[in-house]
Colleague: 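Before anything else, here's the structure in question.
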Amino acid sequence: MPTSPSNDTAARTATPDTAAAPPAGDLEVAGVRITHPDRVVDPGRDLRKIDLVRYGESVADLLLKHLKGRPVSLVRAPEGLDGESFFQKHAGRGAIPGLTLLDPALDAPHPPLIAVESVQAVIGALQMGAIEFHPWGAKANSLDRPDRLVLDLDPDPDLHWNHVIEAAELVRQLLDQLGLRGFLKTSGGHGLHIVLPLRRCHSWDGVARFARMAAETLARRHPEVFVARAGAAQRVGRIFVDHGRNHRGATTVAAWSPRARLGLPVSVPLAWDELVTLPGPAPWTIATIGDLLAERREHDPWSLFETERQALGGASRLLVTR
């Protein structure tokens, strides 16, 4: 089971100070004091800290499905999009309300990795300037056995969106040929993520090797569409299949997480048949996603994600022979 404060003394949860009444102007959300709620996070869209917090509260149950039990890294921008941002992987000096500190032995000699296990932790992270939530591809109770693989389709920014849609379908075709199922989501940026749920029977090296082989196969079969090597010059007019998110310690932005980009777009799970009508890479933001949330609770395109775990052995052999 994931490490938790109730059954493992190596995990510790920071608790918010709720004894005193919030100062004038402050608010309380999910038991967490929200300071400076009117601070502008995105000046271009006049989105405030409280808008981000309220979004986090509304989506926490969906977001936590992709965070609980895993180490999580945060992208924090305490002064908003116009200020400095940084990536936080380990516990810092300032406690974040509700966050769980995992067993230090998991990533020694570094400070403890952090986990987001509750609504209070989601809100606490947002209170402390977090915008993005990036889980590991493995659970904390089996950190050396990844349970998901990610292929990140990262297009040339000047490439027409229709080409990205066509490229995603080519990836799906390859996975079908290999007997594998991938789940699709927007990245909240320029591209798309294809996520494969895995049985916990592979090493990080094995998963990373398969992801690289899949990217190279796509680039070999469709050189006019894909490239498997990083670099802006390589990617001109094409799509980089970023396979590097499958190493120990690598992360990918979670489904339902906001992104620290103009408009605060959201990474959203999709059904494959929705792809052809998707108007662009980031059609939903924290301000426009309300109707979709209700729909997704009724019809979740990732409802089978946890039951579709698969092994890569047979698919690896097919990749080698093709």
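In what follows, every heavy atom counts, from backbone to side chain, and hydrogens, waters and symmetry copies are set aside. Throughout, residue positions are numbered sequentially from 1 according to the sequence presented.
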Colleague: Is the side chain of N246 donor-acceptor paired with the backbone N or O of H243 at a distance under 3.5 Å, no angle test?
Modeller: yes
Colleague: Classify the ring geometry of H160 against H163: parallel below 30°, tilted from 30° to 60°, perpendicular beyond 60°.
Modeller: perpendicular
Colleague: Does E308 come within less than 4.0 Å of R181, counting only side-chain N to carboxylate O?
Modeller: yes
Colleague: Look at the side chain of E132 and the backbone N and O of S257, then say whether any donor-acceptor pair between them is shorter than 3.5 Å.
Modeller: no
Colleague: Determine, using ring centers only, whether F133 and H66 are less than 6.0 Å apart.
Modeller: no
Colleague: Got a salt bridge between D147 and R70, using NZ or NE/NH1/NH2 to carboxylate O under 4.0 Å?
Modeller: yes
Colleague: Please tell me if the side chains of M128 and R76 come closer than 4.5 Å, counting only heavy atoms from C-beta onward.
Modeller: yes
Colleague: Please round to the nearest 0.5 Å and tell me the distance separating atom CZ of R54 and atom CD1 of I123.
Modeller: 8.5 Å
Colleague: Does any N or O in the side chain of W302 come within less than 3.5 Å of the main-chain N or O of A271, such that one atom is a donor and the other an acceptor?
Modeller: no
Colleague: Side chains of F183 and I194: closer than 4.5 Å at any heavy-atom pair?
Modeller: no
Colleague: Please name all residues satisfying ring pair (Phe, Tyr, Trp, His ring centres under 6.0 Å) with F86, sequence neighbours left out, ordered by chain then number.
Modeller: none
Colleague: Per the side-chain contact (heavy atoms from CB on, under 4.5 Å) rule, which among T252, L67, T251 passes with W136?
Modeller: T251
Colleague: Any Lys/Arg nitrogen of D38 or K49 sitting under 4.0 Å from an Asp/Glu carboxylate oxygen of the other?
Modeller: no
Colleague: Is it true that a side-chain atom of T288 and a backbone atom of W284 form a donor plus acceptor pair closer than 3.5 Å?
Modeller: no
Colleague: Tell me whether R212 is salt-bridged to E216, with the criterion being a basic N under 4.0 Å from an acidic carboxylate O.
Modeller: yes
Colleague: Surrounding CZ of R209 (heavy atoms of other residues, nucleotides or ligands, distance under 6.0 Å), is the total greater than 12?
Modeller: no
Colleague: Between R248 and D205, does at least one N-O distance fall below 4.0 Å, as a salt bridge requires?
Modeller: no
Colleague: Do Q177 and L318 come close enough that some side-chain heavy atom pair is under 4.5 Å?
Modeller: no
Colleague: Please enumerate all residues that pass side-chain contact (heavy atoms from CB on, under 4.5 Å) together with D242, with sequence neighbours excluded.
Modeller: D152, F240, R245
